[in-house]
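For reference, the structure is listed below as structure tokens.
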Amino acid sequence: MAVAISPARAIPFSTVRFISFCTKPFPKSIQSKLVPLLTNPHHPVFQPKLHFRHVPPRLPAATPPFDRRCFCAATAEAVERPRAGEEVGDFRSRLRVVDIKGGPDEGLDRLGQTLGVKGWVRTLRVQSSVTFMEVNDGSCLSNMQCVMTSDAEGYDQVEGGTITTGASVSVQGTLITSQGSKQKVELKVEKLVMVGKSDPSFPIQKKRVSREFLRTKAHLRPRTNTFGAVARVRNALAYATHKFFQDNGFIWISSPIITASDCEGAGEQFCVTTLIPSSREAVDSPANAIPKTEDGLIDWSQDFFGKPAFLTVSGQLNAETYATALSDVYTFGPTFRAENSQTSRHLAEFWMIEPELAFADLNDDMACATAYLQYVVKHVLDNCKEDMDFFNTWIEKGIINRLSDVVEKKFVQLTYSDAIELLLRAHKKFEFPVKWGCDLQSEHERYITEVAFSGSPEIKAFYMRQNDDGKTVAAMDMLVPRVGELIGGSQREERLDYLEDRLDDLKLNKESYWWYLDLRRYGSVPHAGFGLGFERLVQFATGIDNIRDTIPFPRAPGSAEF
């Protein structure tokens, strides 16, 4: 028998509770009959959501006749349906933990207010007279400490063990001064509602786990302090990137992900094709189903694009087309490299920021790169203080000072020849020998920035537009401490004959670049640009040592989960 213990009138977002004393939870057959009793499913305004809970009794164990019986609760939450013809209401973002604790008073300015918080349980400590629950909603590193006593509505869920680490909850209460030293305020809970139960197998508990393990749980690792902080800093860097270029008159261009050209000329690209049958599981696709020519080669004319196509390695060439019409543009999107590398510096899928400046030379390019880096680093230091303090304490001690140096110090410009000479004079044995003409390795770059120039950022020029000496080109790399090369850029070759010769030297098919050559035929201008791997920037700003921990879902050889 069901007895209502609270008003049953359905109002927006109300909760209707029914109790029953029985020897076991309602079976499904009974639940299906209770649904129409609890609410009318054909009501034009409300659609109920029913939740059945089985919780132990809160009666004395020796009290007959209930000594072997249990308490069953059913809650019906009414959800408002839109009426036909009604105007859509105003959007209001809900209150977040950062809104409460993120100000200069850390929540003290809200004392006495009745507030609601929704998030996930990080820890739960049940004591004799009071229960402490830490709730985090992802808006900041800090948790909201929720203090409950047995008279709080919904406390039976704590007693019954329903709410555990990982569960999602909605809490409402009054903000009071915290008795502890870790926070200035806490929430005295008046009402607790479990939104989503967490299975006891939840793999992220209070104990520390390795980042290698968390890569296998990439769908859950954002709930840890480290990866939550990385995500917020990554977001801040992305916001600052767009703001810097927008404030300086650049236009954002969406470069294509599928391309028929190889910007880098390295050939390490992922092929995009429909020649492999997709009507059934890919693992069952027979190799002999791929169409071939009479010579036994793949017949690309039957492919989707009529020729080989690949995932892009760079948006630079496409950005150049718009720079020759709109002057200053930038791209910010995903790029792909099929490089079979398992090092901590490589990803198969990553994001690139690539500005292109028309009527500009290498000096303009270097000035833009340094201004950009200083801007985004300052933005993070100013707007992610709590997360940066976390990185400074737990990930890389001194990272805040290192980043402050980037913002405040002048960049040093060093030519390639000067860099080689500096390395040859170094009293250090390098794994990769140094000689003029070699490509500088990470060990060389880090020596230059961390030892030779004591942590100052540095720019070295060495390739792209051919210089008058016939030996070097107008290009630069920006080197920073710990990461090494962060930015690579150059003045582009705007002369048609020089560009055609260069394509011949690299044995690239000029017919594939006909449109790129057209840019030099019709109103060519000196122009320059650079590329920055966004994940390396996140590494630089957080101190995270493995690049796979700077992107939500890393892609690497043998790993394409999630």
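What you see is a predicted model, and the numbers here were worked out from it, not measured in a lab.
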- Using the six-membered ring wherever Trp is involved, compare the ring planes of Phe530 and Phe245 and label them parallel, tilted or perpendicular (cut-offs 30° and 60°). tilted
- Item | ring pair (Phe, Tyr, Trp, His ring centres under 6.0 Å) partners of residues 185-225, not counting sequence neighbours, each pair once | His219-Phe562
So do the side chains of [X] and [Y] get within less than 4.5 Å of each other, counting heavy atoms only?
| X | Y | answer |
| --- | --- | --- |
| Met148 | Val158 | yes |
| Cys140 | Glu386 | yes |
| Val230 | Phe391 | yes |
| Thr165 | Trp120 | no |
| Glu356 | Asp328 | no |
| Glu354 | Ser314 | yes |
| Glu268 | Val313 | no |
| Thr131 | Leu124 | yes |

- Message: Give me each pair satisfying salt bridge (Lys or Arg N to Asp or Glu O under 4.0 Å) with a member in residues 176-187, each pair once, sequence neighbours excluded.
- Response: Glu106-Lys184
- Message: What's the separation between atom OG in Ser168 and atom CG in Asp137, rounded to the nearest 0.5 Å?
- Response: 12.5 Å
Least distance between heavy atoms, [X] atom then [Y] atom:
| X | Y | result |
| --- | --- | --- |
| Leu220 | Ile204 | O-CD1, 3.2 Å |
| Asp365 | Gly529 | OD2-O, 2.8 Å |
| Ala152 | Val189 | CB-O, 3.6 Å |
| Cys146 | Val135 | SG-CG2, 3.9 Å |
| Ile253 | Val329 | CG1-CB, 3.7 Å |
| Leu381 | Val407 | CD1-CG2, 4.3 Å |

So, [X] versus [Y]: side-chain donor-acceptor pair below 3.5 Å or not?
| X | Y | result |
| --- | --- | --- |
| Glu190 | Thr174 | yes |
| Ser442 | Arg345 | yes |
| Tyr322 | Thr331 | no |
| Arg536 | Gln539 | no |

With [X], which residues qualify under side chain to side chain donor-acceptor pair (under 3.5 Å), at least two apart?
| X | answer |
| --- | --- |
| Glu561 | none |
| Glu320 | Gln316, Tyr516, Arg520, His527 |
| Gln205 | none |
| Ser327 | none |

- Task: Taking atom CZ of Arg208 as the centre, report whether more than 12 heavy atoms of other residues, nucleotides or ligands fall under 6.0 Å from it.
- Result: no
- Determine whether more than 12 heavy atoms belonging to other residues, nucleotides or ligands lie under 6.0 Å from atom CD of Gln127. yes
Any donor-acceptor N/O pair, [X] side chain to [Y] backbone, under 3.5 Å:
| X | Y | answer |
| --- | --- | --- |
| Thr224 | Arg221 | yes |
| Thr259 | Thr312 | no |
| Thr216 | Glu212 | no |
| Gln172 | Thr114 | no |
| Asn392 | Ile399 | yes |
| Asn136 | Ser142 | yes |
| Thr241 | Leu237 | yes |
| Glu450 | Arg482 | yes |
| Arg94 | Gly116 | no |

Could you tell me whether [X] and [Y] make a salt bridge, using a distance below 4.0 angstrom between a side-chain N and a carboxylate O?
| X | Y | value |
| --- | --- | --- |
| Asp389 | Lys385 | no |
| Asp549 | Arg215 | yes |
| Glu535 | Arg234 | yes |

- Message: Among residues at least two apart in sequence or on other chains, which ones pass ring-ring contact (aromatic ring centres under 6.0 Å, His included) with Phe534?
- Response: Phe332
- Query: Hey, mind stepping through Thr123 and Glu134 against side-chain hydrogen bond (donor to acceptor under 3.5 Å, both in side chains) and telling me if it holds?
  - Reply: CA-CA 5 Å; Thr123 61; Glu134 299 277 345; 4.8 Å; no
- Task: Test side chain to side chain contact (heavy atoms under 4.5 Å, CB included) on Ile547 and Phe350 and set out the steps.
- Result: CA-CA 10 Å; Ile547 200 167; Phe350 55 98; over 6 Å; no
- Query: Run the side-chain hydrogen bond (donor to acceptor under 3.5 Å, both in side chains) check on Asn225 and Arg122 step by step: do they pass?
  - Reply: CA-CA 10 Å; Asn225 286 338; Arg122 286 289 180 88; 3.0 Å; yes
Set of side chain to side chain contact (heavy atoms under 4.5 Å, CB included) partners for [X], sequence neighbours left out:
| X | value |
| --- | --- |
| Pro334 | Ile257, Phe336, Trp351 |
| Glu408 | Ser404 |
| Pro557 | Asn340, Gln342 |
| Lys243 | Tyr239, Asp247, Tyr375 |

- Item | Arg402 vs Glu396, salt bridge (charged side-chain N to carboxylate O under 4.0 Å, His left out): CA-CA, chis, key distance, verdict | CA-CA 10 Å; Arg402 175 166 65 79; Glu396 180 195 335; 2.8 Å; yes
- Message: Check for me whether the distance between the ring centres of His242 and Tyr330 falls short of 6.0 Å.
- Response: yes
Scan the side chains in residues 96-105 for donor-acceptor partners under 3.5 Å anywhere in the protein, sequence neighbours excluded, and list what turns up.
| from | atom 1 | to | atom 2 | distance (Å) |
| --- | --- | --- | --- | --- |
| Arg96 | NE | Asp99 | OD2 | 3.3 |
| Arg96 | NH2 | Asp99 | OD1 | 3.1 |
| Asp99 | OD2 | Arg96 | N | 2.9 |
| Lys101 | NZ | Asn143 | O | 2.7 |

- Query: Could you go step by step and tell me if Arg337 and Glu349 meet the salt bridge (charged side-chain N to carboxylate O under 4.0 Å, His left out) rule?
  - Reply: CA-CA 7 Å; Arg337 303 280 173 90; Glu349 175 184 295; over 6 Å; no
